[in-house]
Protein chains: 2
Amino acid sequence: MRASDRAYALLRSDIVEWRLAPGDVLAEVEQSARLGVSRTPLREALARLVADGLAAPHAGRGVVVSAISLEAVTDVFEVRLPLECAAVRLAASRGDRGVFTALAAEFALAGRLIEDDDGAQDAYYALVARLDQCIDAAAGNRYLLQAQKPIRTHLARVRRLARDNPERLLASAREHEQIALALASGNADLAEASMRVHLHHSLQHLLTPAGGKDDPPDTS
Amino acid sequence: MRASDRAYALLRSDIVEWRLAPGDVLAEVEQSARLGVSRTPLREALARLVADGLAAPHAGRGVVVSAISLEAVTDVFEVRLPLECAAVRLAASRGDRGVFTALAAEFALAGRLIEDDDGAQDAYYALVARLDQCIDAAAGNRYLLQAQKPIRTHLARVRRLARDNPERLLASAREHEQIALALASGNADLAEASMRVHLHHSLQHLLTPAGGKDDPPDTS
DNA sequence: GCCCGTTCCAATGTATGCACAGAAGGGCTC
DNA sequence: GAGCCCTTCTGTGCATACATTGGAACGGGC
């Protein structure tokens with residue numbers, strides 16, 4: 001792997017996983033020393049971060065990690081909603097239905113994934129990621145993918161703000177099952193409606209202040 | 001201005017305006033010599049072009065200008081439609097209505113801009129760009145803007161495939177006037193509907209093979 | 001005591017040199 | 001004569017050295 005790719009991946013995960021907080025300055029010499037690469041590939045990595053919107057050039061003072069807030073979450077969803085709806089509509093009309101039938105069955109069984117302890121939730125997240133990938137593949141539109149990629153990045157960053165909530169995850173699994181079923185039936189209207197339902201609950205949960213002990217948003 | 005910015009702007013316009021054709025290889029040494037910058041800023045410019053989707057890394061052979069075709073136009077519009085609709089919905093609910101009332105009046109007068117000879121059409125395109133900027137400002141969503149930017153770039157590239165057609169431009173002006181009027185009234189549903197009408201005609205015209213002498217798409 | 005100017009420093013922006021990888025062409029062998 | 005391998009060469013990837021710009025701190029003047 002190229003050094004610039006490594007630097008980009010490391011910095012990106014550092015930002016997404018909140019090891020680098022908004023406002024932190026990414027000085028070239030400091031980061032190049034920390035990551036063990038030279039300034040040239042590091043500059044390339046910083047440029048990609050800026051293009052992603054994860055960092056912003058600070059006039060004359062390098063780049064700083066960009067801020068993300070609750071208003072920003074609302075803004076992100078204002079873009080995510082039409083994009084995801086467009087994606088599922090395309091996937092419903094173009095996709096291979098068998099794939100989504102199988103995925104729906106997996107989501108129906110997802111309860112045990114979620115209720116199992118520790119690492120099992122990762123399996124659920126992986127399942128969600130697989131559904132996303134299948135939708136992307138079925139939509140078959142590189143421009144749509146290009147538009148969604150930064151949105152998903154910002155979303156992943158917000159997701160790390162809170163821990164997991166089994167209740168919400170279970171509801172999320174049911175919503176995803178509905179989406180998969182709609183795609184399996186090739187019904188674009190139903191798929192879009194199911195996606196709207198899911199995104200509504202997802203955003204609502206994100207905007208709900210973490211009430212009790214750990215009341216965690218799920219944005220998948 | 002920085003050398004990397006100059007290189008990016010030059011290469012970008014070269015690609016958008018078809019001085020560089022799809023498949024052309026962008027060799028670092030060659031382009032750095034042509035543009036009068038060193039290899040380092042040129043590499044940065046190439047990376048930005050790749051991020052924009054205007055070029056793609058070709059394994060072991062540098063980056064090549066990416067292809068754009070009629071299927072690609074359809075794909076671009078599949079993303080453009082939901083994004084522009086979302087933008088006008090937000091603009092209708094948030095924007096300052098006076099701005100759009102004034103713009104609607106300008107579009108109503110746009111006939112003379114279009115029918116005037118030569119450079120006058122540029123004034124019309126500038127007017128369209130101003131409407132876009134006002135919609136962007138009214139929507140006030142940086143993530144939406146981030147998603148739209150590459151789409152608009154690809155669109156600008158396609159637009160250069162054909163010359164102007166006064167008939168289509170006049171119809172386009174009327175469609176834009178409707179959008180502006182809907183925004184001025186703060187009616188999100190009407191604004192979206194007007195946008196859908198405009199995009200439908202825009203795409204139809206793009207997909208129509210240039211029939212007579214110069215039957216030129218307008219994608220604004 | 002405060003404000004403005006100057007100077008120094010640090011960090012970015014740029015250029016160039018070096019090393020490695022992939023491709024193309026030629027030569028050798030079957 | 002054709003196919004395969006080796007050599008060479010071009011071009012990218014990386015590192016480092018140099019220039020330039022912006023900022024901060026210190027000193028002088030009001």
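Just so it is clear, the values below take in all heavy atoms, side chains as well, and ignore hydrogens, waters and symmetry mates. Each chain gets a letter, A, B and so on, in the order its sequence line appears, and its residues count up from 1.
Inter-residue side-chain proximity for B:Asp75 and A:Leu144 is flagged as unmet; no heavy-atom pair is nearer than 4.5 Å. By the 4.5 Å heavy-atom criterion applied to side chains, B:Glu84 and B:Arg152 are counted as neighbours.
Residue A:Gln146 comes nearest to B:Ala51 through the heavy atom pair NE2-O, 3.4 Å, listed as atom of the first residue, atom of the second, then distance.
Going from atom CZ of A:Arg2 over to atom P of C:dA21 covers 14 Å, rounded to whole Å. Spacing between atom CZ of B:Arg6 and atom P of C:dA15 amounts to 8 Å, rounded to whole angstrom units. One interatomic measurement links the two molecules: NE2 of A:His58 to P of C:dG13, which rounds to 14 Å at whole-angstrom precision. Taking atom CD of A:Glu28 as the reference point, atom C1' of D:dT16 lies 14 Å away to the nearest angstrom. Taking atom OH of A:Tyr8 as the reference point, atom P of D:dG13 lies 17 Å away to the nearest angstrom.
Using cut-offs of 30° and 60° on the angle between ring planes, the pair A:His176 and A:His198 is tilted.
With A:Phe100 as the aromatic partner, A:Arg97 does not meet the cation-pi criteria of under 6.0 angstrom to the ring centre and within 45 degrees of the ring axis.
A side chain to side chain contact (heavy atoms under 4.5 Å, CB included) with A:Leu11 holds for exactly one of A:Arg6, A:Gln31, A:Arg48; it is A:Gln31.
Of all nucleotides listed (C:dT14, D:dT12, D:dA15), C:dT14 comes nearest to the side chain of B:Ala3.
Against DNA chain D, the stretch residues 39-47 of chain B makes heavy-atom approaches under 4.0 Å through B:Arg39, B:Arg43.
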